[in-house]
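The structure appears below as structure tokens.
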Amino acid sequence: DGGITQSPKYLFRKEGQNVTLSCEQNLNHDAMYWYRQDPGQGLRLIYYSQIVNDFQKGDIAEGYSVSREKKESFPLTVTSAQKNPTAFYLCASSKRGSTGELFFGEGSRLTVL
Amino acid sequence: EDKVVQSPLSLVVHEGDTVTLNCSYEVTNFRSLLWYKQEKKAPTFLFMLTSSGIEKKSGRLSSILDKKELSSILNITATQTGDSAIYLCAVEVGGGSEKLVFGKGTKLTVNP
């Protein structure tokens, strides 16, 4: 079955540590996205990539980094510079030219202790 | 700054009720408006609206866009407990930075 796989589902981190969240898709989609969701908030865009080896900052990119070396993969690193990293992180993908219809992974919940 | 506002933020109804969820937007380069349902973790796509006044329907759910009023509504008739979820409205913006801007969502609780 085609879909998006995020891992890990739950992650605990100590302050000052970097952590990388994995996102893999086998839908053959060109575009991939990372969103952050806090309680009572909508989804806020962190980074997005419309093609391999290219990505753009979203609305809340500070303290995060990404790479897009393969079409299928779009890992997100939450660095120690992110002041409030505890959140639910969602990865999504879409077909080229169809930005609106996103397919989401099941999310990763990061808790900083 | 592009903005999407949903109302109400929270709603509790009884099974069988009809509900209307609202979404308004202010964006610089509108392409489409979308509705998603988030039950537990992954949001799932419901509707994409691009033209004003044309209703999209799927079972008990329907939605319509009003470009003059910069708004959309999502109707759910004969609600069931399985409709309990967060309903997210998003606007696709173009102009070189194709992306979605999301509202905060409406949390719908349907009680038996």
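Here is how names work: the chains are called A, B, and so on, in the same order as the sequence lines, proteins then strands, and each is numbered from 1.
- Placement of A:Y47 and A:Y33 in two distinct hydrophobic clusters is found when ILVMFWY residues are connected by side-chain heavy-atom separations under 4.5 Å, directly or transitively.
- Screening residues 30-85 of chain B for disulfide bond (SG atoms under 2.5 Å apart) gives no qualifying pairs among residues at least two apart or on separate chains.
- In this structure, chain B has no heavy atom under 4.5 Å from any part of A:Q56.
- Environment of NZ in B:K37: crowded, with over 12 heavy atoms of neighbouring residues, nucleotides or ligands closer than 6.0 Å.
- Residue B:Q6 does not touch chain A at all, counting heavy-atom pairs closer than 4.5 Å.
- The interface of residues 104-113 of chain A with chain B, defined by heavy-atom distances below 4.5 Å, comprises A:F104, A:G105, A:E106.
- Note on A:L45 and A:Y64: separate hydrophobic clusters, where clusters join Ile, Leu, Val, Met, Phe, Trp and Tyr whose side-chain heavy atoms are under 4.5 Å apart, directly or indirectly.
- Atom CD of A:Q37 is separated from atom CZ of B:F102 by 9.0 Å, given to the nearest 0.5 angstrom.
- Contacts with chain B (heavy atom to heavy atom, under 4.5 Å) involve these residues of residues 87-94 of chain A, listed by number: A:F88, A:L90.
- Shown here is A:Q17, whose CD atom has more than 12 heavy atoms of other residues, nucleotides or ligands within 6.0 Å.
- The hydrophobic cluster containing B:L11 also contains B:V110, counting ILVMFWY residues as joined when their side-chain heavy atoms lie under 4.5 angstrom apart, directly or transitively.
- Panel note: side chain B:Y36, backbone A:L102; a donor-acceptor pair is recorded below 3.5 Å.
- Residues of residues 44-71 of chain B lying within less than 4.5 angstrom of chain A, judged on heavy atoms, are B:F45, B:M48 in numerical order.
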* Please test B:L100 against A:Y35 for side-chain contact (heavy atoms from CB on, under 4.5 Å), starting from the C-alpha separation and ending with a verdict. => CA-CA 10 Å; B:L100 292 188; A:Y35 287 90; 3.7 Å; yes
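- One hydrophobic cluster holds both B:V13 and B:W35 under the rule that ILVMFWY side chains link at heavy-atom gaps under 4.5 Å.
- Between atom NZ of residue B:K99 and atom CD of residue A:Q50 there is a gap of 11.0 Å, rounded to the nearest 0.5 Å.
- When the side chains of ILVMFWY residues are joined at heavy-atom separations under 4.5 Å, either directly or via intervening members, A:I46 and A:F74 end up in a single hydrophobic cluster.
- Put simply, CZ on A:R44 and NZ on B:K104 are 9.5 Å apart, with the number rounded to the nearest 0.5 Å.
- Residue B:L34 comes nearest to A:E101 through the heavy atom pair CD2-N, 3.9 Å, listed as atom of the first residue, atom of the second, then distance.
- Of the two parts of B:L88, only the side chain, counted from C-beta on, holds a non-hydrogen atom closer than 4.5 Å to a non-hydrogen atom of chain A.
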